[in-house]
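Protein chains get the first letters and strands the later ones, always in sequence-line order, with residue 1 at the start of each.
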Amino acid sequence: MTTQEYLIQKLNEFLDSRSVTGVEVHLEKPKEEKFGDFATNLALQLARHLKKNPKQIADEIKAFIGTDERFVAKIEIAGPGFVNFFAASANLYDQLADVLRQKEKFGRSNLGAGKKAQIEFVSANPTGPLTIGHGRGAVLGDTIARLLEAVGYQVTREYYFNNAGRQMRVLGESVRLRYLELCGEKIEFPEDHYQGAYIIDIARSIYEEKGDQLKDADYTYFKDRAETVIFDDIKRTIKRLGFEFDVFYNEKSLYDEGKIDQVIEGLRQKGLIAERDGAVWFLTTKLGFEKDRVIIKSTGEPTYRLPDIAYHVEKIKRGFDLIIDIFGADHIATYPDVLAAVKALGYDVERIKVLIHQFVTLLEGDEVVKMSTRKANFVTLDELMDEVGVDVTRYFFLMRSMSSHLNFDLTLAKKQSDENPVFYVQYAHARICSILKLAEERQIDLKAAPDLSLLKATEEINLIKHLLNFPNIIKAAAENYEPHRLTNFLFDLATLFHKFYTECRVIGEDAALTRARLALIDATRHVLANGLGLLGISAPDHM
RNA sequence: GCGCCCUUAGCUCAGUUGGAUAGAGCAACUGCCUUCUAAGCAGUGGGUCGGAGGUUCGAAUCCUCCAGGGCGUACCA
């Protein structure tokens, strides 16, 4: 049992002893050292219930819990009635020893209890290479998946795509026109077609293979060819980022298997479908929305809404307990009514979490670069990785909360890549490895259990306390789908390690202390490696 | 007009779910390498948390209004 668990239990016992209900025990980690290791505002919360002065209640809490050599060294009352607890160091050392036993498993838990989660992200249609904008979603999605796995979920990473429709026709047509150019025909290339150089590359490979045999063919061959090439490219980029999708889900299968018709039929039965102006409408106004939406155009083609509804129904039917969608801010408006439809069809929408990340604004110096796949003025994810590497790319996308806009200054990123915080964290890991290597060379015996209670310096205690908070951080990051909490935690951990390194010499004269410190840095190494692993960032042995 | 997001140090952003004296990186300035990696450490300066009200023991955090910015608001996806 940890001190934290002990205190929560005792505080709840206190509530029972005073017959208080409906008050939740809140134990927090104070920012300032002098306020102890844990603090509770329970006395302040209870002041109203018990009609007593908060300080008096705080005194009662203090007396009720008392000190305990295993868990609580000291209790203080401060400010208006905070109760501050100072953890007994014995517990600290026990837990540190436990970190060394758990090693790469430390931080993991089984909160998810094997529940099935599905996380859909990237989902870019194969019309061009992945851009920096897709990169944010890709890295966030994969990292949230890793975090969920760490707390015991069984996770499916899924990529949803559409290889039919207008966009793809334009893509095929774009390649066809470039091909005709290569055949020597004079072509006026329309402005609203895909301008990228990759289109010409695809056209060239077709020309090299087939000569001018396809001069009179329509766009379909070119479309299929482009799709294959572009998808291969996307998969390569994803792999380079450090993961793979478990499922590529083709929108088309929803049509082939009749799922689309089922949605229409289901909604019709609920009285949520009407035909007007030659189109089929989804009567969202009946569900409290501002206006109705077209789901089948007068041309007979569905809008994106219809397959999206069918797809989400499918996800639920596939038996996932948790369904996460990650979208860029441009998709914000569409999801409320898709979810409303799924709900109207009688499915449990609660298990669907839609996470929206704000845009990446690309800056070239002071200039804002507007990105568009069609206009081909985008910066690809591959180009970014070429420039700064995978670790920096991932760290960069993970260091901010997804609700804030991300400014990406390319010139700065290139110039300052050496000073990027990711190196600071990795450096801590490399330093530790280097010390451990030296210990090995000097044949320091690490078999005997070290006496961890020798670790008494402020830097040592602070480092240990931070390490022990790792499982809480993973839990919070996973529950809130906020990878940046872990990124910040690791940065702080690196800071504490670097301070420790500066003040405390690990391999020294005192053999017992050396062993204790080697154990401490080994535990730190595991936490750094485990944390970086969850972010998909490497933990190098040397730099 | 309406919906979602944002506004915290010169710049880029954190802020543990409402707590105690608001933090970090970068940029500027000053120290520290004959000892385990100086990609490091220590220090200085820098703030009306966009503005105004409200809720309460207590607000950067919750509510209302206002101002500024981003993204949407399609029979595009």
When the distance from [atom1] of [X] to [atom2] of [N] is rounded to whole Å, what number comes out?
| X | N | atom1 | atom2 | result |
| --- | --- | --- | --- | --- |
| A:L306 | B:rA74 | CG | P | 18 Å |
| A:R525 | B:rC36 | CZ | C1' | 15 Å |
| A:L518 | B:rC36 | CG | C1' | 9 Å |
| A:F289 | B:rC2 | CZ | C1' | 14 Å |
| A:L355 | B:rC5 | CG | P | 13 Å |
| A:H331 | B:rU73 | NE2 | C1' | 14 Å |
| A:H498 | B:rC36 | NE2 | P | 16 Å |
| A:R136 | B:rC71 | CZ | P | 14 Å |

Nearest-neighbour nucleotide for the A:I332 side chain, B:rG3, B:rC2, B:rA77 considered: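 Between B:rG3, B:rC2, B:rA77, the one nearest the side chain of A:I332 would be B:rG3.
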
Listed nucleotide nearest any side-chain atom of A:D330, set B:rG72, B:rG19, B:rU37: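 Minimum distance to the A:D330 side chain belongs to B:rG72.
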
OP1, OP2 of [N] versus side-chain N and O of [X]: anything below 4.0 Å?
| X | N | result |
| --- | --- | --- |
| A:H484 | B:rG15 | yes |
| A:K499 | B:rA42 | yes |
| A:R431 | B:rA38 | yes |
| A:K34 | B:rU21 | no |
| A:Y501 | B:rA38 | yes |
| A:K297 | B:rC76 | yes |

Rounded to whole angstrom, note down the [atom1] distance from [N] over to [M].
| N | M | atom1 | value |
| --- | --- | --- | --- |
| B:rA28 | B:rG45 | C1' | 9 Å |
| B:rC4 | B:rC41 | P | 43 Å |
| B:rC71 | B:rC65 | P | 24 Å |
| B:rG1 | B:rU61 | P | 25 Å |
| B:rA60 | B:rG47 | C1' | 12 Å |
| B:rU37 | B:rU44 | P | 30 Å |
| B:rG53 | B:rG15 | P | 27 Å |
| B:rA14 | B:rC5 | P | 15 Å |

Across all strands, who's sitting opposite [N] as a Watson-Crick or G-U wobble pair, both distances under 3.5 Å?
| N | value |
| --- | --- |
| B:rA42 | B:rU30 |
| B:rG25 | B:rC11 |
| B:rC71 | B:rG3 |
| B:rA20 | none |
| B:rU64 | B:rA52 |

Using a 4.0 Å heavy-atom cut-off, does [X] contact any base of the nucleic acid, only the sugar-phosphate backbone, or nothing at all?
| X | result |
| --- | --- |
| A:T303 | sugar-phosphate |
| A:Y424 | sugar-phosphate |
| A:K437 | nothing |
| A:N162 | sugar-phosphate |
| A:N53 | nothing |
| A:N41 | base |
| A:N84 | base |
| A:A428 | nothing |
| A:A439 | nothing |
| A:A279 | base |

Residue pair A:D325 / A:L355, side-chain heavy-atom distance below 4.5 Å: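 Not touching, per the 4.5 Å side-chain cut-off.
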
Closest-nucleotide ordering on RNA chain B, the 5'-leading residue of A:L438 and A:I296: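 Going by which nucleotide is closer to the 5' end, it is A:L438.
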
Whichever of A:M402 and A:A430 has its nearest RNA chain B nucleotide further upstream toward 5':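 Per heavy-atom nearest nucleotide, the more 5' residue is A:M402.
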
Ring-on-base stacking B:rG40 with A:Y427 (under 5.5 Å, under 30°):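 No.
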
Under 5.5 Å and under 30°: A:F35 stacked on B:rA20: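 Stacked: ring centres under 5.5 Å, planes under 30°.
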
Check: A:T487 side chain, A:L398 main-chain N or O, donor-acceptor pair, under 3.5 Å: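 Yes; judged by distance alone, with no hydrogens or angles, the pair exists.
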
Can you tell whether the side chains of [X] and [Y] come within less than 4.0 Å, N to carboxylate O?
| X | Y | value |
| --- | --- | --- |
| A:K29 | A:D37 | no |
| A:E275 | A:R268 | yes |
| A:R276 | A:D292 | yes |

Throw together a table of side-chain donor-acceptor distances under 3.5 angstrom for residues 75-82 of chain A, partners on residues two or more places apart or in other chains.
unit_1	atom_1	unit_2	atom_2	d
A:E76	OE2	A:K74	NZ	3.4

Worked check of side chain to side chain donor-acceptor pair (under 3.5 Å) between A:Y311 and A:E158: CA-CA 12 Å; A:Y311 180 41; A:E158 190 153 320; 2.7 Å; yes

cation_pi(A:R431, A:Y501) dist<6.0 Å, angle<=45: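 A:R431 over A:Y501 ring: yes.
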
Worked check of side-chain contact (heavy atoms from CB on, under 4.5 Å) between A:M402 and A:I356: CA-CA 7 Å; A:M402 71 176 91; A:I356 304 287; over 6 Å; no

A:R166 and A:E301: CA distance, side-chain angles, deciding distance, salt bridge (Lys or Arg N to Asp or Glu O under 4.0 Å) verdict: CA-CA 10 Å; A:R166 202 177 59 88; A:E301 273 182 302; over 6 Å; no

Assigned glycosidic conformation for B:rC33 [threshold 90° from 0]: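 Here B:rC33 takes the syn form, which means its glycosidic angle is within 90° of 0.
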
I'd like a list of close polar pairs between nucleotides 6-13 of chain B and the protein, N/O only, cut-off under 3.5 Å.
unit_1	atom_1	unit_2	atom_2	d
B:rU12	O2'	A:R400	NH1	2.9
B:rU12	O2'	A:R400	NH2	2.8
B:rC13	OP1	A:H405	O	2.9
B:rC13	OP1	A:N407	N	3.1

Residues A:D522, A:R525; criterion salt bridge (Lys or Arg N to Asp or Glu O under 4.0 Å); working and verdict: CA-CA 5 Å; A:D522 198 32; A:R525 180 175 66 90; 2.8 Å; yes

Any pair counted as salt bridge (Lys or Arg N to Asp or Glu O under 4.0 Å), so long as it reaches residues 469-489 of chain A, sequence neighbours left out: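 Pairs touching residues 469-489 of chain A that pass the test: A:E482-A:R485.
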
